[in-house]
Undergrad: 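Take this structure, written in structure tokens, and hold onto it; I'll ask about it next.
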Amino acid sequence: DTAVSQTPKYLVTQMGNDKSIKCEQNLGHDTMYWYKQDSKKFLKIMFSYNNKELIINETVPNRFSPKSPDKAHLNLHINSLELGDSAVYFCASRLSGNSPLHFGNGTRLTVT
Amino acid sequence: AQSVAQPEDQVNVAEGNPLTVKCTYSVSGNPYLFWYVQYPNRGLQFLLKYITGDNLVKGSYGFEAEFNKSQTSFHLKKPSALVSDSALYFCAVRDYNTDKLIFGTGTRLQVFP
């Protein structure tokens with residue numbers, strides 16, 4: 001069973017559209033994250049939630065809105081998609097403290 | 001601010017030879033350091049971490065890392081490389097104050113048969 005699962009795996013859409021990426025973890029972790037990996041493989045944190053509460057909100061355009069209906073889910077909704085949003089988006093979760101992050105397999109978003 | 005640097009974009013090594021992937025860190029306070037590996041089209045996988053204790057940390061798949069406080073380094077090592085070790089490796093540091101895990105720029109390891 002996949003511990004952190006993201007859907008969809010691939011997402012191709014046109015500029016201006018609105019899209020969502022879903023993430024679920026079955027590890028019982030308290031904290032969930034969204035990371036963005038660009039074409040040069042740089043990884044940057046976008047958001048984190050702890051037990052449904054927003055903890056980290058980096059300088060991400062407000063077109064990006066995370067939603068956590070419960071502590072096992074953290075979805076990412078993106079409005080008015082732009083070409084520069086093309087990247088791989090990773091969901092991750094962590095139990096607490098210095099426990100390691102567990103990553104999903106990513107969602108490759110391509111905006112045309 | 002906490003940060004890590006990976007000075008090499010790519011490391012090439014022959015199968016069976018020892019490998020080292022370099023990482024240096026800059027932190028205020030105690031460093032919490034991690035190594036992750038990313039295979040193509042996959043998410044990152046945790047290899048090992050240093051929080052406190054022994055400077056030599058052993059992790060998954062035969063990897064180990066040496067914490068060196070005087071050189072502010074946390075290099076990843078393996079005594080004998082495998083072709084299957086070819087992947088992208090990320091060093092990371094936990095910013096205790098903000099609870100962010102901050103990643104280095106990654107090093108591509110290529111192991112040749």
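Proteins come first, then strands; the chains are lettered A, B, ... in the order of their sequence lines, and each starts at number 1.
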Undergrad: Which bit of A/K44 comes within less than 4.5 Å of chain B, counting heavy atoms only: side chain, backbone, both or neither?
TA: neither
Undergrad: Would you say A/L101 and B/F34 make side-chain contact, with heavy atoms under 4.5 Å?
TA: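 Side chain of A/L101 against side chain of B/F34, heavy atoms only: no contact under 4.5 Å found.
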Undergrad: What residue in A/V88, A/I45, A/L43, A/I55 has the most heavy-atom pairs under 4.5 Å with chain B?
TA: A/L43
Undergrad: Answer yes or no: are there more than 12 heavy-atom neighbours, outside B/D54 itself, under 6.0 Å from its atom CG?
TA: no
Undergrad: In the single-linkage hydrophobic clustering (I, L, V, M, F, W, Y; side-chain heavy atoms under 4.5 Å), do B/Y61 and B/Y36 co-cluster?
TA: no
Undergrad: Do the side chain of B/K49 and the main chain of A/N98 share a donor and acceptor less than 3.5 angstrom apart?
TA: yes
Undergrad: Tell me whether the count of non-hydrogen atoms from other residues, nucleotides or ligands lying under 6.0 Å of NZ in B/K69 goes above 12.
TA: no
Undergrad: A quick test of your reading: do over 12 heavy atoms of other residues, nucleotides or ligands sit less than 6.0 Å from NZ of A/K41?
TA: yes
Undergrad: Above 12 or not: heavy atoms from other molecules or residues under 6.0 Å from CD of A/Q14?
TA: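 No - once you tally the heavy atoms of other residues, nucleotides and ligands closer than 6.0 Å, there are 12 at most.
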Undergrad: Between A/Q37, A/R108, A/H102, which residue shows the highest count of heavy-atom pairs closer than 4.5 Å to chain B?
TA: A/Q37
Undergrad: Inspect the surroundings of NZ in A/K52 and state if more than 12 heavy atoms from other residues, nucleotides or ligands are less than 6.0 Å away.
TA: no
Undergrad: Mind checking whether A/I56 and A/W34 sit in one hydrophobic cluster, side chains of I, L, V, M, F, W, Y counted as touching below 4.5 Å?
TA: no
Undergrad: Where on B/I51 is there a heavy atom nearer than 4.5 Å to chain A: the side chain, the backbone, both, or neither?
TA: side chain
Undergrad: In the single-linkage hydrophobic clustering (I, L, V, M, F, W, Y; side-chain heavy atoms under 4.5 Å), do B/V11 and B/Y89 co-cluster?
TA: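 Per the 4.5 Å side-chain linkage, B/V11 and B/Y89 are co-clustered.
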Undergrad: Using non-hydrogen atoms only, which part of B/R42 is less than 4.5 Å away from chain A: side chain, backbone, both, or neither?
TA: both
Undergrad: Please flag which part of B/I102 lies under 4.5 Å from any non-hydrogen atom of chain A: side chain, backbone, both or neither.
TA: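 Neither part, no heavy atoms under 4.5 Å.
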Undergrad: Side chain to side chain contact (heavy atoms under 4.5 Å, CB included), that's the test. Do A/F90 and B/Q38 meet it? Break it down for me.
TA: CA-CA 12 Å; A/F90 286 100; B/Q38 185 179 23; 3.3 Å; yes
Undergrad: Answer yes or no: is there a side-chain heavy-atom contact under 4.5 Å between A/K40 and B/T105?
TA: no
Undergrad: Taking all heavy atoms of A/Y35 and all of B/L101, pick out the closest pair and write down the distance.
TA: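 Shortest heavy-atom separation between A/Y35 and B/L101 comes out as OH-O, 3.0 Å.
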